[in-house]
Number of protein chains: 2
Amino acid sequence: MKLLPLHERIRTDIESQILSGAIGPGDKIASESGLMEVYGCARMTVNKALSRLSAAGLVDRRTKAGTFVAKRPNEMMVLDVPDLPVEIVRRGQAYRYRMIQRLERAASPHDEEEQRFAERGRLLFVSGVHIADDQPFAYEERLVSLNAVPEIAGADFTSEPPGSWLLRHIPWTEAENRIGAVGASAQSAEILHIPTGAACLTIDRRTWRGEKYVTHVHQQFVAGRYDLVARFGAVQRGS
Amino acid sequence: MKLLPLHERIRTDIESQILSGAIGPGDKIASESGLMEVYGCARMTVNKALSRLSAAGLVDRRTKAGTFVAKRPNEMMVLDVPDLPVEIVRRGQAYRYRMIQRLERAASPHDEEEQRFAERGRLLFVSGVHIADDQPFAYEERLVSLNAVPEIAGADFTSEPPGSWLLRHIPWTEAENRIGAVGASAQSAEILHIPTGAACLTIDRRTWRGEKYVTHVHQQFVAGRYDLVARFGAVQRGS
DNA sequence: CAGTGGTCTAGACCACTGA
DNA sequence: CAGTGGTCTAGACCACTGA
């Protein structure tokens, strides 16, 4: 039985009142000076608790007016997008990667995104398949800017996916994920051992390092073999 | 040109050093007392900046050892899962909802999840289609626990989707989203005006209020007509 | 104009843990 | 044991805004 710091106790007290419905959207919460008396503590302590609730989107604070339960749940869901090898091993399956194609080429003159991406340099294209327990799990195609990551030219991707290499070498990034669905093309259907046109979940991830556009990966998952889970709830990220 | 509070300036200073790669994963950051001298401020001020960076996952703090740039980017992506009518209108399209079926029934004796869900009460089942500019956009099936939300029995869902009604009446929730893909069944294919088996993006969302399991909705989106976007980056949630 | 939240100070004691 | 972060205090001044 570990004792919570006081500001955590105040925060969880208010949080549970909100989540239980005891106080509802728009309701006013006691002021900082009010809570100081209730908990017999300094103002900085209640301020810390309320600031965290505000950062988490559970309350709105307005100078002079007071602190109010936020009108709607935070619409932001937290989505876990893990490294595929890690995810597969975590499921207790054997992970394997097989490269299909690798080539260096210039950016397509017709593709504006590739132009910006390459920054007048060349691009590395790698396609391959992620395999879990000898069953094809996901097909992926990746483009890497050789301008942004020149060292990658010498890396070996016959059995290690470029994503893992990049995670080790380009650690800090900004990323955008786009999640959709598509019917498998003849080519990817053959690789994934499914009928042409069968439904696949797709993830397109673009990654930057600072201002530099590093890589774009397109992954196709056989429908039902992989789901993404996002959760929003009372459990916020710790301090 | 608005002046940032000092703790925000300290936070963004360190944040940009991390995101630019000037300091890398595992590197040690100046201690609180060191930063006090650099910025000529009190310890609480640098503590606030560093605590926020820690909460955002950009640094790890260890008592006695110091503060370090976190080993890997936070794998949590922020996913925006908005209300469908709002989303469609925001795209500049006309929104319409058409109910297909509505019925009240007992929980299936063979479905353990439904049993827990209903808590020995009855369930409301509503299916319908979301329409954007006269084109079917998403098919949805929803179950609502009448035990958790008795008021919903009297609501009219012929042209308003139950999700919007619930947002207005059951405002604070915990939710889990599961995102996948599926080939359209004969029934949903007809409703969505697509061939049977065509790829669809699916979202399954389960919502609680406190401990009470309120609703489960299954939505199918025609592939390509709707993508989910998740982003991780330098821009953290404000205070 | 009174009360609120936003910010900041200059201290304090503590637990922890690497050297 | 020295230095670190975690927490907390008891003040302070400020901008803002609803009554």
Side-chain angles (χ1 to χ4, degrees), chain A residues 1-15 17-18 23 25-71 74 236-239, chain B residues 1-15 17-18 23 25-71 74 236-239:
Chain A
M1 185 62 189
K2 184 165 172 290
L3 275 211
L4 282 177
L6 182 52
H7 74 266
E8 290 271 7
R9 225 189 83 214
I10 299 173
R11 184 175 67 77
T12 52
D13 280 359
I14 296 170
E15 195 172 277
Q17 284 177 60
I18 292 174
I23 49 179
D27 286 358
K28 192 172 175 180
I29 288 178
S31 71
E32 295 195 348
S33 53
L35 289 169
M36 280 169 68
E37 282 193 23
V38 172
Y39 289 93
C41 66
R43 195 174 146 226
M44 275 299 290
T45 305
V46 302
N47 180 275
K48 192 168 193 170
L50 292 174
S51 295
R52 299 235 168 148
L53 286 172
S54 169
L58 286 174
V59 302
D60 292 325
R61 314 198 73 192
R62 291 200 302 279
T63 300
K64 159 67 189 174
T67 301
F68 302 85
V69 180
K71 283 288 181 188
N74 195 332
Q236 300 292 333
R237 291 186 286 192
S239 60
Chain B
M1 186 60 189
K2 184 164 173 291
L3 276 211
L4 283 178
L6 182 53
H7 73 267
E8 290 271 7
R9 225 189 82 212
I10 299 173
R11 185 175 65 77
T12 54
D13 279 0
I14 297 171
E15 195 171 279
Q17 285 178 58
I18 292 174
I23 49 180
D27 285 358
K28 192 171 177 185
I29 288 178
S31 71
E32 295 195 346
S33 52
L35 290 168
M36 283 169 68
E37 283 192 23
V38 171
Y39 289 93
C41 66
R43 196 174 144 223
M44 276 299 288
T45 304
V46 301
N47 182 274
K48 192 168 194 171
L50 292 174
S51 294
R52 300 237 167 146
L53 285 171
S54 169
L58 286 174
V59 301
D60 292 325
R61 313 198 72 193
R62 292 200 302 278
T63 298
K64 158 69 189 173
T67 302
F68 302 85
V69 180
K71 283 288 182 188
N74 194 333
Q236 302 291 334
R237 292 187 286 193
S239 59

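The sequence lines fix the lettering, A, B, ..., with proteins before strands; numbering per chain opens at 1.
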Quiz item: Rounded to whole angstrom units, what separation is found between the NZ atom of B/Lys48 and the P atom of C/dG5?
Solution: 13 Å
Quiz prompt | Interatomic distance, B/Lys64 NZ vs D/dG6 C1' [rounded to whole Å] | solution = 16 Å
Quiz item: Starting at CE of A/Met36 and ending at P of D/dC8, how long is that distance when rounded to a whole Å?
Solution: 14 Å
Exercise. Take the protein atom CZ of A/Arg43 and the nucleotide atom C1' of C/dG5, then report the distance between them rounded to whole Å.
Key: 6 Å
Practice problem: Hunt down the Watson-Crick or G-U wobble partner of C/dG18, both distances under 3.5 Å, from any strand shown, or write none. | Solution: D/dC1
Quiz item: C/dA10 P sits how many Å from A/Met44 CE, rounded?
Solution: 14 Å
Quiz item: Is the shortest side-chain N/O distance from B/Ser31 to OP1 or OP2 of D/dG3 below 4.0 Å?
Solution: no
Quiz item: Should B/Thr45 be listed as having a side-chain N or O under 4.0 Å from OP1 or OP2 of C/dT7?
Solution: no
Quiz item: Has the side chain of B/Lys28 got a donor or acceptor atom that lies under 3.5 Å from a matching backbone atom of B/Ala65?
Solution: yes
Quiz item: Got B/Arg11 and B/His7 here, is their nearest side-chain heavy-atom distance under 4.5 Å?
Solution: no
Self-check item: Reference residue B/Met36; test side-chain contact (heavy atoms from CB on, under 4.5 Å); the match among B/Val46, B/Asn47, B/Thr45
Solution: B/Val46
Quiz item: Under a 4.5 Å cut-off applied to non-hydrogen side-chain atoms, are B/Leu35 and B/Leu50 in contact?
Solution: yes
Quiz item: OP1 or OP2 of C/dG3 sitting under 4.0 Å from any side-chain N/O of A/Ser33?
Solution: no
Quiz prompt | Minimum-distance nucleotide (side-chain atoms of A/Ala42 versus C/dC13, D/dC8, D/dT9) | solution = D/dT9
Quiz prompt | Separation of atom NE2 in A/His7 from atom P in D/dC8, rounded to whole Å | solution = 6 Å
Quiz prompt | Nearest-nucleotide pick for A/Thr63, side chain only, options being C/dG5, D/dG5, C/dC8 | solution = C/dG5
Quiz item: What's the CD-C1' distance between A/Glu32 and D/dC8, to the nearest Å?
Solution: 15 Å
Quiz item: With a non-hydrogen cut-off below 4.0 angstrom, is B/Leu6 in contact with a base, only sugar-phosphate, or nothing?
Solution: sugar-phosphate
Exercise. Answer with base, sugar-phosphate or nothing: what part of the nucleic acid does A/Arg62 contact at a heavy-atom distance below 4.0 Å?
Key: sugar-phosphate
Quiz item: So which nucleotide does C/dC13 pair with, by the Watson-Crick or G-U wobble rule with both distances under 3.5 Å?
Solution: D/dG6
Quiz prompt | Contact summary for B/Ala70 and B/Gly57, nearest pair of heavy atoms | solution = CB-O, 3.3 Å
Self-check item: A/Asn47 CG - C/dT9 P separation (whole Å)
Solution: 15 Å
Quiz item: Would you say a side-chain N or O of B/Arg61 is under 4.0 Å from OP1 or OP2 of D/dG6?
Solution: yes
